[in-house]
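See structure below.
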Amino acid sequence: MPSRLERSPFAQWWWTVDRFLLFSLLVLMVLGIVLCMAGSPPVAERLGLPTFHFVSNQVKYMVPALAVMFGISMMSPRHVRRTALIIYVIAMALVVCTLLFGVEVKGAKRWINFPGGAIQPSEFVKPAFVVLAAWAFSEGGRRKDVPGTVVGFMLLACTIVPLVLQPDIGQTMLITLVWCGLVFLSGLHLFWVAGLGGVSMFGLFIAYHVLPHVAARINRFLDPASGDTFQVDNAIDSFVQGGWLGKGPGEGTVKRILPDSHTDFIFAVTAEEFGILVCIGLLTIFAMVVLRGLVLSRRNEEPFCRLAAAGLVMLFGLQSVINMAVNVHLMPAKGMTLPFISYGGSSLISLALAMGFLLAVTRRRPRAEIYDRIVPEHTEEAYA
Amino acid sequence: MSDQQGSPDPFLDDGAEKQRTPLGRRMIGGVQNLFRMRLDKSGHRVFLVAAGFTIIYAVIAGRLVQLGLRPDPPTTYKRAQQETAGVRPDIIDRNGEILATDVKTVSVFAEPKRIIDKDEAVELLTAVLPDVDARDLREKLGSKKGFVWVKREITPKQQQEVYRLGLPGVGFMPEHKRVYPNGVALSHVLGFTNLDNQGIAGIEKWIDGQGMADLGLAGFARQSTDLKPVQLSIDLRAQHALRDEVAKGLEKYKAKAGAGMILDVTTGEVVALASLPDYDPNNPVDALDPNRINRMTVGVYEMGSTFKALTTAMALDSGKVSINSTFDARGALAYGRFRIHDYHGTNRILTVPEVFIHSSNIGTARMAMVIGVQGHKEFLKKMGQLDRMRTEMPESAEPIVPARWGELNTMTIAFGHGLAVAPMQAVAAVGALVNGGVMFTPTFLKRSAEEAAKVGQRVIKPETSEALRFVMRLNAEKGSATKAAIPGYFVGGKTGTAEKVIGGRYSKNRLFTTFMAIAPADKPKYLFLVIYDEPQGLPETYGYATAAWNAGAVTGKVIERVAPMLGLPPRFDPPVAPFPLMARLGAWGAR
């Protein structure tokens, strides 16, 4: 542990980063590997891959993920904005590429093949989008000469149109929700907040009527007898069979027939093998990260950092909430990964990116630095 | 808040403007305000977001707790174990011969949720197990159940073949199959078990009622040898001989049904019990056919003249009638518009032994009238004829007792009409009449004389019992029971022929015949009962279908065959002074 007197970049980072958040995230990453050992072998066997294929992949992805998280968390808010902008541009370009050259998997073009593996660019759009939106709203609220609100609205439109075309309703929904959260936090008049609520309802209504698979999922949730509820039934069965203490690692049987047991339904597998108590523990870690993030956001006096931290935490929190709610059948089935726990390279690195941003913007900074930004007249040129 | 320097408080702005601006500018100001980002509000709103997340996480945690509190569905193995009741104790006869035992077998089950291609599974399984219905199986596999049986109790070869199919979600469950090595010999007494090895009839059901099966279920017993065998009072050899003779008789006399029973009158043990037609407990497909009931315990019949033994005992035991009392059996006995006749009319005054050996309805009716309606009812109640008899057999029947019991009822019941009882009930009563006067509820479990003595209840005086033995022996020597009087065993007996009630009237040619015999009559050990339902007259019986010609003859054969096995040595010199009291009283026939 570096001395507080030391002025090296690492020492500076160590004493300013929120260590509670950092450790919680590291614990989640480790749990992700452990639970991947439970959830992925049946899928690997089904696909004819070595039993621990997905586990070793997950460990491999962990290296760049950790590098990204630590690297990004070292950045200053200004660098965070610039990085986000660059990533956003590249990722959006790739999203557009998926529409043109993407591989169609299960009826949607979300993946783009690269030598050495496929990536899902929409995953990388999310954290970059949140940072950019937070930037736009904070500037809009702070300065009258920057049309922040308009930029914010434009940003949303540009982002979700290609996602809807993929189609990727899950990501669209998530991005829109986080964006709405940012609008809410940026202090917009409650008139707009209410209006946004109405628009979201309308959007959901349109999706229900235009996209058959969305309609089917919602119908199935409302009336389980109307269609095939195989996934959900098995997920619930996992919880019930696992009981409080679980069947023990490797003892699960429902996981063998549960589709996506290593991604969307890893929470159910956790319940079957490790028990509901462990699930509640996992949920507590997620809740701690979210609440800690929001507390840090509230404490932060710098508008951009406050909005960005809150937005990133909402992104993380909503993703975890939606995934768990689907697993315990409180929501219609929706493809959403459980942050850091579900298998997936793109998802993992994207989350590392988001959490890197979060750590970066929640670092404690000398008040003078903030003060500089709040009284911008004399440091106009300092902006990115 | 943080950015007050950056943007002055808009509320103050508005207030200042309101005072001195026209409506139009205020509108514009209001609209502008609508678009303004108020970052100073975000502190509260972050708090609201945090509260929202907390609630959502709490809801999910609550749902997890709810799922945790859901009752745990038993896992496949537990579920299957519940269904296969597991081990049962062996059943052995009084000499230790196996009557029922468990054999290990294996059953195929499937877990539909784990079967990937259900149609393929159905196709392969039905190819190996051709007697499984494909459509039914497809339906079962399509269900949402966690566990279904494919086929119970398959052969080792079939098991090997199913195993080789390598179907996921198809497994084997070791089971215990109940086997009755003697087949039909003891069907009604043993009863049978269902596929899950639960007793559903006879002694098998009784065993389950004793909680022995629960013991096996709880896992205390893995093999039937872990459980103490249940020893019955049945003697398998005697049982086989009895069933064989009753079956031969059934065929010979073309009767609808027949039954036989041997009771050890000194202990109340049932040594043999057969009821035909019967069924094979190994494959009890027709066990529920109403014609295959256990006629000894489930059927109730008017026992006919065998009931005269009860009436005679009642009269003698009361003290109001002695062995030398006489009854007028001339003509017909008129009661109201009814007239009671004798079948073997004698038309003279008869002594008690004569009434018995001539089976005089008139004499017996008069004898009962000496006691009266109330005394008659009390006596029959004491002899267990008015209540359902409970033994280890779960199958039993309530006697049919007249709703209004007047003098006429007493008269007819005295000679065995008007009261229908299970034959085993009558056997138990007659057993008490001849064994010295101690009533035992018959048992199917082996017991010693000492154990029996504890439960026996004295119902008549020993002197009365001697008189009954005397008249029964007399009947075998001079009366209607001569066909069963096998030399050497000093047999006593009583016939009974009842006309069956068909459509509310007694039918002359549909008879129910019974024969009760005791051996040896001086000190009875065994009581034999044979009954036939609607036996037919044959040329060699001179067309007669009454009890002596069929039930009596069969009883004789049974005694001849069974007595040596049961350890009754033949005595070729008649016993000296078998009935000392009767001789002293100078009873008719004792001289």
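Chain identifiers are assigned alphabetically (A, B, ...) following the order of the sequence lines, protein sequences preceding nucleic acid strands; residue numbering begins at 1 within each chain.
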(request) With rounding to the nearest 0.5 Å, note down the distance linking CD1 in B:I60 to CZ in A:F267. (result) 7.5 Å
(message) Rounded to the nearest 0.5 Å, what separates atom OG in A:S297 from atom CZ in B:F47?
(response) 13.5 Å
(request) Kindly compute the distance separating CD1 (A:I276) from CG (B:L67), expressed to the nearest 0.5 Å. (result) 5.5 Å
(request) Evaluate whether atom CE of A:M288 has more than 12 neighbouring non-hydrogen atoms of other residues, nucleotides or ligands under 6.0 angstrom away. (result) no
(request) Flag the one option from A:V313, A:L318, A:V295, A:V254 with the top tally of heavy-atom pairs under 4.5 Å to chain B. (result) A:L318
(message) Is the shortest side-chain heavy-atom distance between B:V46 and A:F184 below 4.5 Å?
(response) no
(message) Does any part of the side chain of B:R63, heavy atoms only, come nearer than 4.5 Å to the side chain of A:H329, both counted from C-beta?
(response) yes
(request) Taking atom CD of B:Q66 as the centre, report whether more than 12 heavy atoms of other residues, nucleotides or ligands fall under 6.0 Å from it. (result) yes
(request) State the CG-OH distance between A:L283 and B:Y57, to the nearest 0.5 angstrom. (result) 6.5 Å
(message) Quick check on A:V290 against chain B: is it the side chain, the backbone, both or neither that has a heavy atom closer than 4.5 Å?
(response) side chain
(request) Measure the CZ-CZ distance between B:F53 and A:F316 for me, rounded to the nearest 0.5 Å. (result) 10.0 Å
(request) Calculate, to the nearest 0.5 Å, the distance between atoms CH2 and CG belonging to A:W244 and B:L64 respectively. (result) 8.5 Å
(request) Please look at A:L330 and chain B and tell me whether the side chain, the backbone, both or neither of the residue comes under 4.5 angstrom of a heavy atom of that chain. (result) side chain
(message) By the salt bridge (charged side-chain N to carboxylate O under 4.0 Å, His left out) test, which pairs, at least two apart or in different chains, include something from residues 271-297 of chain A?
(response) A:D18-A:R292, A:K247-A:E272, A:K255-A:E273
(request) Go through B:T54, B:L48, B:V65 and name the one with the most non-hydrogen pairs under 4.5 angstrom from chain A. (result) B:V65
(request) Determine the minimum heavy-atom distance between B:R45 and A:L185, stating which atoms define it. (result) C-CD2, 3.4 Å
Do any side-chain atoms of residues 127-138 of chain B form donor-acceptor pairs under 3.5 angstrom with protein atoms, and if so which ones, sequence neighbours left out?
unit_1	atom_1	unit_2	atom_2	d
B:D133	OD2	B:D136	N	3.2
B:R138	NE	B:D119	OD1	2.7

